[in-house]
Protein chains: 4
Amino acid sequence: MCARRRDAEGTAATRASRRAELLSAIAGVFADRGYAATTVREAAEAAGILGGSLYYHFDSKESMVDEILSTFLGEMWADYEEVLSSGLDAPQTLRALVHSSFRSIEKHRAAVVIYQNESRYLAQAERFQYLTASQERFERTWKGVLEQGVAEGAFRADLNTGLIYRFIRDTVWVAATWYRPDGKFDAEEIARQYLAMVLEGLQAD
Amino acid sequence: MCARRRDAEGTAATRASRRAELLSAIAGVFADRGYAATTVREAAEAAGILGGSLYYHFDSKESMVDEILSTFLGEMWADYEEVLSSGLDAPQTLRALVHSSFRSIEKHRAAVVIYQNESRYLAQAERFQYLTASQERFERTWKGVLEQGVAEGAFRADLNTGLIYRFIRDTVWVAATWYRPDGKFDAEEIARQYLAMVLEGLQAD
Amino acid sequence: MCARRRDAEGTAATRASRRAELLSAIAGVFADRGYAATTVREAAEAAGILGGSLYYHFDSKESMVDEILSTFLGEMWADYEEVLSSGLDAPQTLRALVHSSFRSIEKHRAAVVIYQNESRYLAQAERFQYLTASQERFERTWKGVLEQGVAEGAFRADLNTGLIYRFIRDTVWVAATWYRPDGKFDAEEIARQYLAMVLEGLQAD
Amino acid sequence: MCARRRDAEGTAATRASRRAELLSAIAGVFADRGYAATTVREAAEAAGILGGSLYYHFDSKESMVDEILSTFLGEMWADYEEVLSSGLDAPQTLRALVHSSFRSIEKHRAAVVIYQNESRYLAQAERFQYLTASQERFERTWKGVLEQGVAEGAFRADLNTGLIYRFIRDTVWVAATWYRPDGKFDAEEIARQYLAMVLEGLQAD
DNA sequence: GATGAATGAGCCTTCATTCAT
DNA sequence: CATGAATGAAGGCTCATTCAT
């Protein structure tokens, strides 16, 4: 059949899914080679089209990362919110957040890698102010949980929550760097082992 | 004496110290803005000279990072070797390595950040093969300590050493990202708290 | 038919002719100002586009000369081969080669000038090894003809063929330097006069 | 002895000979690698000093070639003048000029090569107008000899003197390109063979 | 006279972006 | 929607030149 197909669901849906398709391919290259080091041509090639053609779908290279990152952060915060509004105690919240984080990595690996590697650079631009905002919200959230846990007597009081927050934050997100969906462990198992180390310690008793 | 006098501190020494001076400034910008995102002009400006002048001292932008990274890795491994050849048991070794690492961060903060952020990109080039080699040596070293600890009965046997290695590696090095020499905690204190978390766990007993 | 129509003259042909068009303009400037002394911007300007645009068509400045020279040498050797395989005797071969050479100059003036002026410099690069090879083949060919002529008793035996070869080679190619297509003489006439001088001598009998 | 030597002939002479010494080394590199392609550093290295030091002796890179070329042309024209004012007939003059030219090549090989390769490029600058002037004087001189020879009945009348002049000019100077002082033939022998070819022809009688 | 560090203009090249088809 | 040719602003790097020592 020759006529260009007009999807039953209509143009809008088709269009959105095409975007998602393109963005997925693009996020992959951005993650693998770095945002700055990836040329638009390469990104386009990964998506199966030519450089110029990407500009039919996106305004600029920047708007590509933008959409990748904001989509990821949107979903991540939605998941986090669900956890935080469930009325769990501090240790349960911490466990749930860690699990949620590793699940995010599983689902948005490329986006997390980009977030991890390019945030600081991108955050210089006005447009990416939301990255800084997210960062701060992240810090408030986690420190809140840790402090609450200390207050509840569930977590040790002799450690600095600011420091511990940083350790946890880093380990969790950097995991995206080495996580492979086809590896030995799935997200749940990684989360479990991570929590065992962080909560109970490495030491044999 | 007839020959034109070469100062006792000598050309060689002067030159080397000038290099170190430049490199220190350059490492700072590379760490802050990213290697790829930093222009040679910017790096030079940070060193107080003009873009072209850097090429009197270095062959290329690449050779600048090269020197920054290899110097850092050289010193780091020298310190690691000292620890590893001291005949300590596994938990002591782990503690000593963590302390050594945070001390490295204190001394070579910029280099560590660069190492963290640019390694994967740089490692594509033949010239930076030593980064991959260092990475592998790092993995062997750490996994060795962890496995020995499990064998000695000092560490829990129910956790995967490969996973734990990664968690530790990431947290330690990523710390360079947020570490500020003038911050609340010095390297020793950070190492102590980190070890407390990792070895004894966050949970109050 | 569904596929977007690719004109019969086709993309390939269009592209090739565009290349040839650009190359012709570029060869002109390279010949006039020298390869090293010509900037890419100037070359582009001569082709009616901007500096950067040339890189859509060519990999590098070097690959531009490369294509110019190898195209010329390819055609020149094809013509030479035709002469050499015609079974002519030495004097006839010499005459035919000279005519062929001047015809080459007429057709590829710019390329010949470039060949003449830049060969030694370019030949330093691996990529231009074929220039040296061509040079050697050239020497073998011409000395062969001269020696055969001497053996046949057609040429004087008291002159050194190596020297004579060089005189002939130089004069022929350097002619590209002053040859103007709109000048008083065409390639055939120049060849005729040149042969008269070289074969019969300047001296009135 | 330590004190810097003050030559008996005094500073001026010493200075001049030092210049000549430097210039000779510089001319060598310019000839071998091309004027544009040779860096001042390389030229200086060939002279055994550092780049900056050359500027004590010369104003600029340009003034180095300038001095090389004008010195050569000065001597060459002096020799030519001697020939031209000797009252020889045309064939004898031609012979003498060719011999003089090959002797110039023998003595100023590097300068001749530079003259040959860079003239056209350099002549663009006001400062090198004398190259064009020399060229024109050269043409007048040679065409004069040829025309006189034709008038005297010594040279064939059926050849265009303009063309013949060019052939001779080119061959003679390009010889500098391949002439090696330690080669099989010296300047006199090369001149003899060249004249044999050009005057009597290649053809066996 | 010579050194070596620095300058700054300019070169080749890359690449995000545009736009006619 | 996609193509491919072109744009133009940098970017890394080179190099003639200067100058304090």
Side-chain angles (χ1 to χ4, degrees), chain A residues 4 11 14-15 18 22 36-44 47-64, chain B residues 4-7 11 14-15 18-19 22 36-44 47-64, chain C residues 4-7 11 14-15 18-19 22 36-44 47-64, chain D residues 4 11 14-15 18 22 36-44 47-64:
Chain A
R4 234 172 268 118
T11 308
T14 305
R15 211 152 163 162
R18 179 75 175 120
L22 292 172
T38 304
T39 70
V40 170
R41 258 179 184 68
E42 287 169 338
I49 56 180
L50 288 181
S53 307
L54 269 188
Y55 285 82
Y56 178 82
H57 302 277
F58 305 99
D59 289 338
S60 64
K61 192 186 179 187
E62 234 181 22
S63 76
M64 301 175 208
Chain B
R4 229 170 273 116
R5 195 159 165 285
R6 305 267 163 212
D7 209 311
T11 307
T14 305
R15 207 153 165 159
R18 180 70 175 122
R19 265 182 106 75
L22 294 172
T38 304
T39 71
V40 168
R41 274 167 179 77
E42 286 168 339
I49 56 179
L50 288 181
S53 307
L54 272 187
Y55 287 83
Y56 180 78
H57 302 277
F58 306 99
D59 287 337
S60 63
K61 190 186 179 187
E62 231 181 24
S63 77
M64 300 175 207
Chain C
R4 230 171 271 114
R5 197 157 163 287
R6 305 269 163 210
D7 209 312
T11 306
T14 305
R15 207 155 167 157
R18 180 71 175 122
R19 265 182 106 77
L22 293 171
T38 304
T39 71
V40 170
R41 268 173 180 71
E42 288 169 338
I49 57 179
L50 288 181
S53 307
L54 272 187
Y55 287 82
Y56 180 79
H57 302 277
F58 306 98
D59 287 336
S60 62
K61 190 187 179 188
E62 230 181 25
S63 77
M64 300 174 207
Chain D
R4 231 169 272 117
T11 308
T14 305
R15 211 152 163 163
R18 179 75 175 118
L22 293 171
T38 304
T39 70
V40 170
R41 259 179 184 68
E42 287 169 337
I49 56 179
L50 289 182
S53 308
L54 270 188
Y55 286 82
Y56 179 81
H57 302 277
F58 305 99
D59 289 338
S60 64
K61 191 186 179 188
E62 233 181 22
S63 76
M64 301 175 207

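Lettering of chains follows the sequences in order, A, B, ..., and the numbering in each one begins at 1. These figures come from a predicted structure and were not determined experimentally.
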Next on the checklist: Just to verify, what does C:Arg18 make a side-chain hydrogen bond (donor to acceptor under 3.5 Å, both in side chains) with, not counting sequence neighbours?
Outcome noted: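 In terms of side-chain hydrogen bond (donor to acceptor under 3.5 Å, both in side chains), with neighbours along the sequence ignored, C:Arg18 is linked to C:Glu21.
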
Next on the checklist: According to salt bridge (Lys or Arg N to Asp or Glu O under 4.0 Å), who are the partners of B:Arg19, at least two apart in sequence or on a separate chain?
Outcome noted: B:Glu67

Polar atom pairs (N or O), protein with nucleotides 17-21 of chain E, under 3.5 Å:
{"residue": "E:dT17", "atom": "OP2", "partner": "A:Tyr55", "partner atom": "OH", "Å": "2.5"}
{"residue": "E:dT17", "atom": "OP2", "partner": "A:Lys61", "partner atom": "N", "Å": "2.8"}
{"residue": "E:dT17", "atom": "O5'", "partner": "A:Tyr55", "partner atom": "OH", "Å": "3.3"}

Checklist entry - Relative to the 5' end of DNA chain F, which residue comes earlier, A:Tyr56 or B:Ala36, by the nucleotide with the nearest heavy atom? => result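 Residue closer to the 5' terminus by nearest nucleotide: A:Tyr56.
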
Next on the checklist: Dot-bracket for DNA chain F, please. Rules: Watson-Crick or G-U, both distances under 3.5 Å, ( ) within the strand, [ ] when a pair crosses earlier ones, | for another strand, . otherwise.
Outcome noted: .||||||||||||||||||||

Checklist entry - Under 4.0 Å: is that the gap between some side-chain N or O of D:Arg18 and OP1 or OP2 of E:dA2? => result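 So the side-chain polar atoms of D:Arg18 do come within 4.0 Å of the phosphate oxygens OP1 or OP2 of E:dA2, strictly under.
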
Taking only residues two or more places apart in sequence or in another chain, which ones pass side chain to side chain contact (heavy atoms under 4.5 Å, CB included) with [X]?
{"X": "A:Glu42", "answer": "A:Arg33, A:Thr38, A:Thr39"}
{"X": "D:Ser63", "answer": "D:Phe58, D:Asp59, D:Ser60, D:Arg127"}
{"X": "D:Tyr55", "answer": "D:Val40"}
{"X": "D:Ala44", "answer": "D:Ile49, D:Leu54"}

Checklist entry - Quick one: which of E:dG1, E:dC11, F:dA6 gets closest to the side chain of C:His57? => result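 Side chain of C:His57 sits closest to F:dA6.
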
Item to check | Closest to the D:Leu50 side chain, choosing from F:dT7, E:dG4, E:dG1 | outcome: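 The closest nucleotide is E:dG4.
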
Checklist entry - Please give, in whole Å, the distance from E:dG4 P to D:Leu54 CG? => result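 Result: 14 Å.
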
Checklist entry - Across the strands shown, which category fits A:Thr38 at heavy-atom distances under 4.0 angstrom: base, sugar-phosphate, nothing? => result sugar-phosphate

